[in-house]
2 protein chains.
Amino acid sequence: MGTAEETAGGENVPWGEVTPDAARRLLVAAVDAFAERGYHATTTRDIAGRAGMSPAALYIHYKTKEELLHRISRIGHDKALEILEEAADGPGTAAERLADAVRSFVRWHAERHTTARVVQYELDALGPEHRAEIVALRRRTDAAVRRIIGEGVAAGEFDVPDVPGTTLAVLSLCIDVARWFNTQGSRTPDEVGALYADLVLRMVGAGDPALRARG
Amino acid sequence: MGTAEETAGGENVPWGEVTPDAARRLLVAAVDAFAERGYHATTTRDIAGRAGMSPAALYIHYKTKEELLHRISRIGHDKALEILEEAADGPGTAAERLADAVRSFVRWHAERHTTARVVQYELDALGPEHRAEIVALRRRTDAAVRRIIGEGVAAGEFDVPDVPGTTLAVLSLCIDVARWFNTQGSRTPDEVGALYADLVLRMVGAGDPALRARG
DNA sequence: CCGGCCCCTAAGCGCTTGCTCACCCTCGCG
DNA sequence: CGCGAGGGTGAGCAAGCGCTTAGGGGCCGG
């Protein structure tokens with residue numbers, strides 16, 4: 001109690017783990033700028049300006065612009081992975097767990113699509129070591145989805161001729177939500193999550209379509 | 001006969017429509033560089049260097065770096081749209097046309113994934129008027145897919161509760177191939193096309209799964 | 001009241017960027 | 001052979017980049 005985290009607004013606030021306050025303001029500004037223009041097109045002056053600071057202030061809290069991207073990418077991937085693995089390790093049939101995983105993963109990508117866009121599409125801008133670290137996290141993401149699908153096939157729930165390929169496609173579908181979401185509007189994250197969960201169950205040939213529509 | 005296009009190697013060569021030769025070499029170099037590093041991280045010196053020319057040579061054939069991106073984007077979208085509309089307007093049932101469209105669209109994104117990456121992911125780097133022009137092309141892409149799905153539903157071939165949403169998901173799935181293809185290897189464009197055609201037929205609830213597997 | 005500490009800023013350094021300009025080399029034609 | 005035109009180059013400009021540094025202002029314990 002009385003920790004910096006609580007001072008910052010509790011542990012469920014989006015960037016609550018980033019302290020002190022000035023560092024978080026800079027990071028949030030960087031997420032917005034990176035999502036809007038891309039990493040390379042964003043200047044450190046722009047980030048500092050959005051955070052209401054001078055350009056030099058950035059370097060008090062972060063060594064380089066790349067370190068900012070890495071922090072964003074790391075925290076974002078941790079969160080996305082946590083969401084997925086929680087669903088993968090939950091109770092229920094493979095179909096229920098897969099639907100749950102897709103629903104929450106997609107919802108996160110839609111709700112926090114500016115963060116997700118940076119996390120998913122600016123990976124190449126990281127330095128070699130930082131990129132390697134993030135790639136390792138992504139392999140765990142892949143493994144979590146593959147595990148659910150594999151278990152569904154083993155249990156006879158799913159009909160999937162190509163498990164690695166279908167895993168890839170499912171993840172690709174979910175991740176790409178970050179690219180297009182809210183460029184049109186008119187759909188809530190919950191709606192997209194529900195739609196995608198249904199589509200993915202169809203992709204793995206899970207059970208009776210009529211059951212899916214009702215449940 | 002004896003036109004510049006034929007001199008350049010015939011009309012089926014990837015960038016055969018770009019003349020003169022030096023302009024094409026620069027454009028191909030730009031595609032590679034943009035795909036590898038992204039538009040903003042690519043310098044005009046890098047593009048010219050890859051084409052074996054001095055930095056100044058670029059400006060003989062293109063007014064700005066952005067014009068280069070626009071030319072690439074325009075030609076690429078034209079080609080992608082042509083592929084899709086050809087399949088959409090072809091003969092056969094809605095299921096056959098949808099499978100055909102997805103198969104060829106995906107194959108193009110895989111085979112020419114460096115071009116596709118630029119075309120699909122560097123749109124924001126275009127100036128306002130050029131972007132508007134490209135966005136109009138993408139609406140036609142969307143319309144082509146939506147038409148096939150709509151016709152399949154009308155004919156009772158498909159079971160799709162949300163036609164616009166499913167259209168969006170199908171296109172998103174195909175487009176994202178450009179992002180991940182060949183970062184791992186081990187899959188040919190034909191294989192990915194076949195896999196994705198099957199997955200999409202499942203998404204729209206087309207017919208008997210057993211029939212799909214045999215056909 | 002003050003001295004040290006922590007954030008922060010103004011100014012600017014060294015470098016790279018997109019792009020330009022004066023000039024040259026090559027080639028077809030009379 | 002002279003010549004004009006068009007594709008190419010070397011050098012470099014103004015602007016903007018990531019990042020640094022010297023110094024200032026507010027807060028806090030003594």
Side-chain angles (χ1 to χ4, degrees), chain A residues 2 4 7-8 15 18-34 36-73 118 122 124-131, chain B residues 2 4 7-8 15 18-34 36-73 118 122 124-131:
Chain A
T7 305
W15 299 105
V18 182
T19 53
D21 185 72
R24 182 174 48 253
R25 267 159 50 218
L26 283 164
L27 191 134
V28 169
V31 168
D32 288 347
F34 291 163
E36 218 175 285
R37 310 208 217 290
Y39 174 81
H40 288 295
T42 299
T43 70
T44 54
R45 285 164 175 81
D46 182 25
I47 297 169
R50 285 173 190 245
M53 297 174 178
S54 78
L58 196 154
Y59 294 91
I60 295 167
H61 301 283
Y62 302 94
K63 259 195 307 195
T64 63
K65 178 177 143 184
E66 194 262 358
E67 192 196 310
L68 247 177
L69 177 62
H70 172 240
R71 282 263 232 283
I72 293 167
S73 203
V118 177
E122 300 291 344
D124 289 346
L126 289 170
E129 327 81 43
H130 285 162
R131 178 158 59 246
Chain B
T7 306
W15 299 104
V18 182
T19 54
D21 185 73
R24 182 173 49 253
R25 268 160 50 219
L26 283 163
L27 191 135
V28 169
V31 169
D32 288 348
F34 291 163
E36 218 174 285
R37 310 208 218 291
Y39 174 81
H40 288 294
T42 299
T43 69
T44 55
R45 284 163 177 82
D46 182 26
I47 297 169
R50 285 173 191 244
M53 296 175 177
S54 78
L58 198 153
Y59 293 91
I60 296 168
H61 302 282
Y62 302 95
K63 258 194 308 194
T64 64
K65 179 176 143 186
E66 194 261 358
E67 190 195 314
L68 245 176
L69 176 62
H70 172 239
R71 282 264 231 283
I72 293 167
S73 204
V118 177
E122 300 290 345
D124 289 346
L126 289 170
E129 328 81 43
H130 286 162
R131 178 159 59 245

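Convention: sequence-line order gives letters A, B, ...; per-chain numbering from 1.
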* Asked: Does anyone know the first and last nucleotide of DNA chain D in reach of chain B, 5' to 3', at under 4.0 angstrom to a heavy atom?
  -> D:dG8 to D:dG12
* Quick one: B:Tyr59 OH to C:dT17 P, roughly how many Å, whole number? -> 11 Å
* Quick one: NE2 on A:His40 to NZ on A:Lys65, what's the gap to the nearest 0.5 Å? -> 7.0 Å
* Asked: Within the distance-only criterion (no hydrogens, no angle test), does the side chain of B:Thr42 pair as donor or acceptor with the backbone N or O of B:Arg37 below 3.5 angstrom?
  -> no
* Asked: Counting only N and O atoms by type, is there a donor-acceptor contact under 3.5 Å from the side chain of B:Tyr62 to the main-chain atoms of B:Ala23?
  -> yes
* Structure fact -> Heavy-atom nearest nucleotide on DNA chain C taken for A:Gly52 and for A:Arg45; more 5' hit belongs to A:Gly52
* Asked: Are any side-chain N or O atoms of B:Arg131 and backbone N or O atoms of B:Asp124, one a donor and one an acceptor, separated by less than 3.5 Å?
  -> yes
* Asked: Taking atom C1' of C:dG18 as reference, at what distance in whole Å does atom NZ of B:Lys65 sit?
  -> 8 Å
* Do the side-chain N or O atoms of B:His40 get closer than 4.0 angstrom to the phosphate oxygens (OP1, OP2) of C:dT17? -> no
Which donor-acceptor pairs under 3.5 Å do side chains of residues 53-60 of chain B form with protein atoms, sequence neighbours excluded?
none

* Figure out the CD1/C1' separation between A:Ile60 and C:dC6, and round it to whole Å. => 9 Å
* Asked: B:Lys63 NZ to C:dC21 P: how many Å, rounded?
  -> 15 Å
* Counting just side-chain N and O atoms, does B:Thr44 come under 4.0 Å of either OP1 or OP2 of C:dC19? -> no
* To do: Please work out if A:Thr43 contacts a base, only the sugar-phosphate, or nothing of the nucleic acid, heavy-atom cut-off 4.0 Å.
  => sugar-phosphate
* **Among C:dC19, C:dT20, C:dA10, the one nearest B:Ala56 by side-chain distance** => C:dT20
* **Test item: B:Glu66 side-chain N/O and B:Gly127 main-chain N/O as donor-acceptor pair under 3.5 Å** => yes
